[in-house]
Participant: 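I am attaching a structure below and will ask some questions about it afterwards.
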2 protein chains.
Amino acid sequence: MVKQLQKRTLETRARLVAVATDLVAEQGYAALRTEEVVKRAGVAKGTFFAHFKDKDALMDILIGTAIDRQLDQMAQKAAPETVADLVALHAPLLTVMTQERYVFDVILRLSGAAAIAEIGVIATTFERYHRLATRWFETGHFRRDIDAELQAEGLQAFLTQAMALHFCALHRSQPMAQRMQLYLQAWLQPNV
Amino acid sequence: MVKQLQKRTLETRARLVAVATDLVAEQGYAALRTEEVVKRAGVAKGTFFAHFKDKDALMDILIGTAIDRQLDQMAQKAAPETVADLVALHAPLLTVMTQERYVFDVILRLSGAAAIAEIGVIATTFERYHRLATRWFETGHFRRDIDAELQAEGLQAFLTQAMALHFCALHRSQPMAQRMQLYLQAWLQPNV
DNA sequence: TCGAATAAATGACCGCAGTCAATTACTGGA
DNA sequence: TCCAGTAATTGACTGCGGTCATTTATTCGA
């Protein structure tokens, strides 16, 4: 039912990803062209699309991997006990996700799995992030009137909002971290 | 310094928008092709791009107009006094914004003005929505520990989150309105 | 070791957004 | 009314993502 993959297949695929990684390092994500990738990898155009459903599928791997590395770092750290800690903890993740407008757009597009069958890397990292955040909130350092999962979903909502406004000309003046602080203070430590 | 627009210009532009509106009604947003628009409008391809920076600029007008109509309706109604009212008030707006995955993607892409100089229709409607929501919260029926503007920003964040999860295979089971209710209860009426 | 079945790779081709030098239509002053 | 200057329009062309019938390589049973 499952794999019957030849060694060649894995090699080609790995080469494509490696070449793409190099190209991104050189020119950024938005400038990546599939034709450039296949040329450097020494394969035909069709081969690319035999390995990846579309260009987004490659981006999913590249960007998802980068996000996952940040989550590795974050998972190492102790659970944050204050909003300031929580915001500080997110700094590197925010940097990765907002390094280019194009990257943020891809993340938004792929962060939810379109179908159960095709959960990509980015969607998987979002699940992972959700679990990680839920664990932080289960320590009980923040609100207690709602469960940890809901707190985590709100965190994600505000994270997205802060990043979106970062790219908005009308709001770019305020730094992302400061906005996060404001949001999360109100979300996690309401004072009614 | 400003306009020197010929009548012809306005006519062509209006015709393009009218044709596009018809096409969308027939086949949906995602299926819209600029070539189909210019063919029906009886102009050349280049004319389209002389009037609109790119295809997104046309979508901005079509979708932005549809959103604006909903805001007209919402602005008529009295300020909501409960979370349930607030959620119910949003139902038509949610329907418009999530009618197609493609529409939601365009909205996310264009909801923040990329540059002050080029604030589009969708970005303008988001500003309008923000002002409207702020006015609701100024009535003081919800939280009082944070100002109305912040409440409005949170509302927008949760609105986006609810729509995003609506398109996510892993979460599609729960209806949007129900999710909104959960989020907004926690956001607007914390119970610590 | 051979040959049929299957997997991988190929590249010419297509669809569609977006460009631009050339052309046509309009305007306002003489 | 004529004509220079400007605005609007044109359509062939480019760039790039994605497809598919054909060719080439690999596997595995006899």
Side-chain angles (χ1 to χ4, degrees), chain A residues 1-20 23-24 26-63 100-103 105-106 109-110 114 118 120, chain B residues 1-20 23-24 26-63 102-103 105-106 109-110 114 118 120:
Chain A
M1 183 115 307
V2 279
K3 72 204 62 169
Q4 187 79 12
L5 291 179
Q6 306 181 353
K7 184 162 55 116
R8 185 171 53 145
T9 308
L10 296 175
E11 285 168 357
T12 305
R13 192 185 167 82
R15 190 143 36 92
L16 287 170
V17 171
V19 164
L23 281 169
V24 163
E26 289 169 26
Q27 313 169 358
Y29 287 91
L32 191 73
R33 299 284 168 267
T34 60
E35 299 196 324
E36 187 74 19
V37 174
V38 297
K39 198 169 74 184
R40 273 215 207 177
V43 300
K45 190 101 167 262
T47 302
F48 181 96
F49 292 96
H51 286 270
F52 307 102
K53 184 178 156 291
D54 52 23
K55 194 181 166 187
D56 266 6
L58 172 63
M59 285 299 173
D60 184 52
I61 291 170
L62 299 182
I63 297 172
E100 281 179 43
R101 170 77 217 211
Y102 173 76
V103 169
D105 284 344
V106 172
R109 203 151 4 99
L110 304 183
E118 47 179 61
Chain B
M1 183 112 305
V2 279
K3 72 204 63 168
Q4 188 80 10
L5 291 179
Q6 305 181 353
K7 184 163 55 119
R8 186 172 50 146
T9 307
L10 295 174
E11 284 169 0
T12 305
R13 192 186 167 82
R15 189 143 35 92
L16 287 169
V17 171
V19 164
L23 282 169
V24 163
E26 289 168 26
Q27 313 169 359
Y29 288 91
L32 191 72
R33 299 284 169 265
T34 60
E35 299 197 323
E36 187 74 19
V37 175
V38 297
K39 198 169 75 183
R40 272 215 208 178
V43 299
K45 191 100 168 263
T47 301
F48 180 96
F49 291 97
H51 286 270
F52 307 102
K53 184 179 156 291
D54 51 25
K55 195 181 163 184
D56 266 6
L58 172 63
M59 286 299 175
D60 184 53
I61 291 170
L62 299 182
I63 297 172
Y102 173 77
V103 169
D105 283 344
V106 172
R109 205 153 359 102
L110 304 184
E118 47 180 60

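In this text the structure is predicted, and so the values were computed from the model without any measurement. Per chain, numbering begins at 1; letters A, B, ... match sequence-line order.
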Participant: Find which nucleotide of DNA chain D each of A/Arg8 and B/Ala44 is nearest to by heavy atoms, and output the residue with the more 5' nucleotide.
Facilitator: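 In this pair, the answer is B/Ala44.
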
Participant: Does A/Glu100 use its side chain to pair, donor to acceptor, with the backbone of A/Ala30 at less than 3.5 Å?
Facilitator: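 Confirmed, A/Glu100 side chain pairs with A/Ala30 backbone.
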
Participant: Starting the side chain at C-beta, find the nucleotide from D/dG18, C/dA17, D/dT9 nearest to B/Phe49.
Facilitator: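 The nucleotide sitting nearest to the side chain is C/dA17.
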
Participant: Rounded to whole angstroms, how far apart are OH on A/Tyr102 and C1' on D/dG17?
Facilitator: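 After rounding, the reported distance stands at 11 Å.
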
Participant: Rounded off to whole Å, could you give me the NZ-to-C1' distance for the A/Lys53 and D/dT19 pair?
Facilitator: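 It works out to 13 Å between those atoms.
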
Participant: How long is the line joining CG of B/Leu10 and C1' of D/dA8, in whole Å?
Facilitator: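 The distance from CG of B/Leu10 to C1' of D/dA8 comes to 12 Å, rounded to the nearest Å.
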
Participant: If you check every side-chain atom of A/Thr47, which of C/dA9, D/dG17, D/dA12 has the closest atom?
Facilitator: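 Closest of the options to the side chain of A/Thr47: C/dA9.
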
Participant: Within the structure, does a side-chain N or O atom of B/Thr34 lie under 4.0 Å from either OP1 or OP2 of C/dC16?
Facilitator: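 No, because none of the side-chain N or O atoms of B/Thr34 sits under 4.0 Å from OP1 or OP2 of C/dC16.
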
Participant: Ignoring hydrogens and angles, tell me if any N or O in the side chain of A/Arg109 forms a donor-acceptor pair with the backbone of B/Asp105 under 3.5 Å.
Facilitator: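 Judged by distance alone, no pair lies under 3.5 Å.
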
Participant: OP1 or OP2 of C/dA9 less than 4.0 angstrom from a side-chain nitrogen or oxygen of A/Thr12, does that happen here?
Facilitator: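 For A/Thr12, the contact criterion (side-chain N or O under 4.0 Å from OP1 or OP2 of C/dA9) is met.
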
Participant: If you check the B/Val43 side chain, which of D/dT10, C/dG11, D/dG17 turns out closest?
Facilitator: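 Closest nucleotide to the B/Val43 side chain: D/dT10.
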
Participant: Heavy atoms under 4.0 Å, any strand shown: does B/Leu58 hit a base, just sugar-phosphate, or nothing?
Facilitator: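 It contacts nothing in the nucleic acid.
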
Participant: Is there a side-chain polar atom (N or O) of A/His51 under 4.0 Å from OP1 or OP2 of C/dA8?
Facilitator: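 A/His51 to C/dA8 OP1/OP2: no side-chain N or O under 4.0 Å.
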
Participant: How many whole angstroms separate atom NZ of A/Lys39 from atom P of D/dG15?
Facilitator: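 Going from NZ in A/Lys39 over to P in D/dG15 covers 12 Å.
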
Participant: Return the value, rounded to whole Å, for the distance between atom CZ of A/Phe48 and atom P of C/dC13.
Facilitator: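 Going from A/Phe48 (CZ) to C/dC13 (P), I get 22 Å.
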
Participant: Is the shortest side-chain heavy-atom distance between A/Thr34 and A/Phe49 below 4.5 Å?
Facilitator: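 Of all side-chain heavy-atom pairs linking A/Phe49 with A/Thr34, at least one is under 4.5 Å.
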
Participant: Does any N or O donor sit under 3.5 Å from an N or O acceptor when you compare the side chain of A/Lys55 with the base of D/dG18?
Facilitator: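 No pair found.
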
Participant: Under 4.0 Å from OP1 or OP2 of D/dC16: is there any side-chain N or O of A/Arg33 that close?
Facilitator: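 True: A/Arg33 side-chain N/O within range (under 4.0 Å) of D/dC16 OP1/OP2.
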
Participant: Identify which nucleotide among D/dA8, D/dG18, C/dA8 has an atom closest to any side-chain atom of A/Asp54, counting heavy atoms from C-beta outward.
Facilitator: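 Nearest to the side-chain atoms of A/Asp54, counting from C-beta on, is D/dG18.
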
Participant: In whole angstrom, give the distance that lies between atom CD of A/Glu35 and atom P of C/dG11.
Facilitator: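 It is 13 Å, rounded to the nearest whole Å.
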
Participant: What I want to check is whether an N or O donor and acceptor connect the side chain of B/Lys45 with the base of D/dA12 at under 3.5 Å.
Facilitator: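 When only heavy-atom distances are counted, B/Lys45 does not reach the base of D/dA12 through any donor-acceptor pair under 3.5 Å.
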
Participant: Below 4.5 Å, heavy atoms only, C-beta onward: do B/Thr9 and B/His51 meet side chain to side chain?
Facilitator: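 Result yes, sub-4.5 Å side-chain heavy-atom pair found.
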
Participant: What is the minimum heavy-atom distance between B/Val37 and B/Val19, and which atoms define it?
Facilitator: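 It is O-CG1, 3.7 Å.
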
Participant: What is the distance, rounded to the nearest whole Å, between atom CG of B/Leu16 and atom P of D/dT9?
Facilitator: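 From B/Leu16 CG to D/dT9 P: 9 Å.
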
Participant: Whole-Å distance between D/dA8 C1' and B/Arg15 CZ?
Facilitator: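 B/Arg15 atom CZ is separated from D/dA8 atom C1' by 12 Å.
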
